[in-house]
Amino acid sequence: MRIHTIGTCAGTEPMPTRQHACCMFEINNKYYTFDAGNGCSRTAWFKGIPLPELEHIFISHPHRDHIGGLPALLWDIRKIVYREDIQHAGKITIHIPSLKVQNFIEAIKEVEWCDRIKIQTPLYSDGVIFKDENITVEARHSFHMGIPDDGKFSAYSFRILAEGKKIVYSGDVRSYTDMGNWLNDCDLLLMETGHHNASTVCAGIRADNLNVREIMFVHSGREILNDYDGAKQRAEQAWEKPVIIAEDGLTYPF
């Protein structure tokens, strides 16, 4: 598989070289998208990713830096479908954690949409939310948006099982501990630092003796944005081995 980090910035003001959160997994020529932050469609398209072939988008939670790119992504898919005269472009399933995202998508479709593509928006909660011949996706609620009075969480992390590997995509979390026992056996952790320092995460995982074999920071906050080299050095000192700090457009064969 190949992991494309399309957008690697936390929810900041515009940054010159980073867009908001989006990762794409490429497995057997199929693409699975996790979050759709601002600028994701442009970065993906100019990277050579065939946007009309996207079938599954998984939204971790309804914050702007994770869903703000959906209008442009759907618009760009529509324009490419018509420009290339794709008669039957298929369907896009956008897996969503709350009705807020569903309402957001319906508002996008009301502005103008393409009758050649069907959009599905199934709500998910904890557990296995998708499985096909390439990939299994599990969801686990986090406490990033607090504890809801009605018990219906709106923020989630994902575990991706593919090619015999276990990859955890944190989404936004209160702490790495939100991901629970997933980190007892994790080949690759795609971790946000919009709300945490990279070195603190590394030190905590080591202190808890969790079996995380690789860490890639994919949603960078001020520590990394302001001092990339220093943040990487501190994280590697805490981790006692190399870490990866992703940038927009990185492709990571895994």
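Numbering of residues begins at 1 and proceeds along the displayed sequence.
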Answer yes or no: is there a donor N or O on one side and an acceptor on the other, between the side chain of D178 and the main chain of R174, under 3.5 Å?
-> yes
Between L70 and Y31, is there a shared hydrophobic cluster once you connect ILVMFWY residues whose side-chain heavy atoms come closer than 4.5 Å?
-> yes
Distance-minimising heavy-atom pair for T33 and C22 = CG2-SG, 3.8 Å
By side chain to side chain donor-acceptor pair (under 3.5 Å), which residues pair with K47, not counting sequence neighbours?
-> T251
In this structure, CD1 of I117 is separated from CD1 of I77 (nearest 0.5 Å) by 6.0 Å
D248-T8 side chain donor-acceptor pair, cut-off 3.5 Å | yes
Okay, side chain of Q19, backbone of C9: is any donor-acceptor separation there less than 3.5 Å?
-> no
For N134, does its backbone N or O pair with a side-chain atom of D132 as donor and acceptor, under 3.5 Å?
-> yes
Mind checking whether F217 and I215 have side chains closer than 4.5 Å, heavy atoms only?
-> yes
Show the atom names and distances, to 0.1 Å, of all donor-acceptor pairs under 3.5 Å that link a side chain in residues 199-212 to residues at least two apart or in another chain.
unit_1 : atom_1 : unit_2 : atom_2 : d
R206   : NH1    : A238   : O      : 3.4
R206   : NH2    : E240   : OE1    : 3.1
D208   : OD2    : Y176   : OH     : 2.6
N211   : OD1    : R213   : NH1    : 3.1

Look at atom CZ of R42 and say whether more than 12 heavy atoms of other residues, nucleotides or ligands are closer to it than 6.0 Å.
-> no
Are the side chain of E214 and the backbone of D187 linked by a donor-acceptor contact shorter than 3.5 Å?
-> no
Contacts of E133 that satisfy side chain to side chain donor-acceptor pair (under 3.5 Å) - sequence neighbours left out = none
In the hydrophobic clustering that connects Ile, Leu, Val, Met, Phe, Trp and Tyr at side-chain heavy-atom distances below 4.5 Å, which members other than L225 occupy its cluster, ordered by chain and number?
-> M15
ring-ring contact (aromatic ring centres under 6.0 Å, His included) filter on F34, not counting sequence neighbours, yields F25, F58, F158, Y169
Under a 4.0 Å N-O cut-off, is there an ion pair linking K30 with E55?
-> yes
With sequence neighbours left out, what residues match A44 under side chain to side chain contact (heavy atoms under 4.5 Å, CB included)?
-> I6, M24, I49, L51
Among pairs that include at least one residue of residues 62-82, which meet ring-ring contact (aromatic ring centres under 6.0 Å, His included), considering only residues two or more places apart or in two chains?
-> H61-H63, H61-H66, H63-H144, H66-H219
Can you give the donor-acceptor pairs under 3.5 Å from side chains of residues 101-111 to other protein atoms, not counting sequence neighbours?
unit_1 : atom_1 : unit_2 : atom_2 : d
Q102   : NE2    : T121   : O      : 3.3
Q102   : NE2    : T121   : OG1    : 3.2
N103   : ND2    : L99    : O      : 3.3
E106   : OE2    : K109   : NZ     : 3.4

Shortest non-hydrogen pair, A198 vs A235, comes out as CB-CB, 3.9 Å
Min side-chain heavy-atom separation K166-C186 under 4.5 Å = no
For the side chain of E223 and the backbone of N226, is there at least one donor-acceptor N/O pair under 3.5 Å apart?
-> no
For the residue pair P97 and L123, what are the closest heavy atoms and their distance?
-> C-CD2, 3.9 Å
Indicate, with yes or no, if M1 and L190 share a hydrophobic cluster defined by side-chain heavy-atom contacts under 4.5 Å among Ile, Leu, Val, Met, Phe, Trp and Tyr.
-> yes
Residue pair A162 / I135: nearest heavy atoms and the distance that separates them = CB-CG1, 4.3 Å
Got T193 and V218 here, is their nearest side-chain heavy-atom distance under 4.5 Å?
-> no
Where at least one partner belongs to residues 151-165, residue pairs that pass side chain to side chain donor-acceptor pair (under 3.5 Å), sequence neighbours excluded = E138-R159
Tell me whether I244 is reachable from I167 by hopping between hydrophobic residues (I, L, V, M, F, W, Y) whose side-chain heavy atoms are closer than 4.5 Å.
-> yes
Should F130 and Y124 count as side-chain neighbours, where that means a heavy-atom distance under 4.5 Å?
-> no
Is there a side-chain contact between R234 and D227, using heavy atoms and a 4.5 Å cut-off?
-> yes
4.5 Å side-chain heavy-atom contact, M216 and T5 | yes
Heavy atoms only: give me the nearest I80-P52 pair and the separation to one decimal.
-> CG2-CG, 3.5 Å
Contacts of Q120 that satisfy side chain to side chain donor-acceptor pair (under 3.5 Å) - sequence neighbours left out = T93
Heavy-atom distance under 4.5 Å between the side chains of S220 and I245, does that happen here?
-> yes
For F143, all residues meeting ring-ring contact (aromatic ring centres under 6.0 Å, His included), sequence neighbours excluded = H141, F153
With hydrophobic residues grouped by side-chain heavy-atom distances under 4.5 Å, do I59 and Y32 end up in a single group?
-> no
Would you mind checking if K232 and E247 are paired as a salt bridge, meaning a charged N to carboxylate O distance below 4.0 Å?
-> no
For S170 and D172, indicate whether the former's side chain and the latter's backbone hold a donor-acceptor pair under 3.5 Å.
-> no
If you count the non-hydrogen atoms of other residues, nucleotides and ligands that lie under 6.0 Å from CG in D150, is the total more than 12?
-> yes
Please check if L74 and W45 belong to a single hydrophobic cluster, counting links between Ile, Leu, Val, Met, Phe, Trp and Tyr side chain heavy atoms closer than 4.5 Å.
-> yes
Qualifying residues under side chain to side chain contact (heavy atoms under 4.5 Å, CB included), relative to D229, sequence neighbours excluded = none
Could you tell me whether the side chains of R140 and N181 share a donor-acceptor contact shorter than 3.5 Å?
-> yes
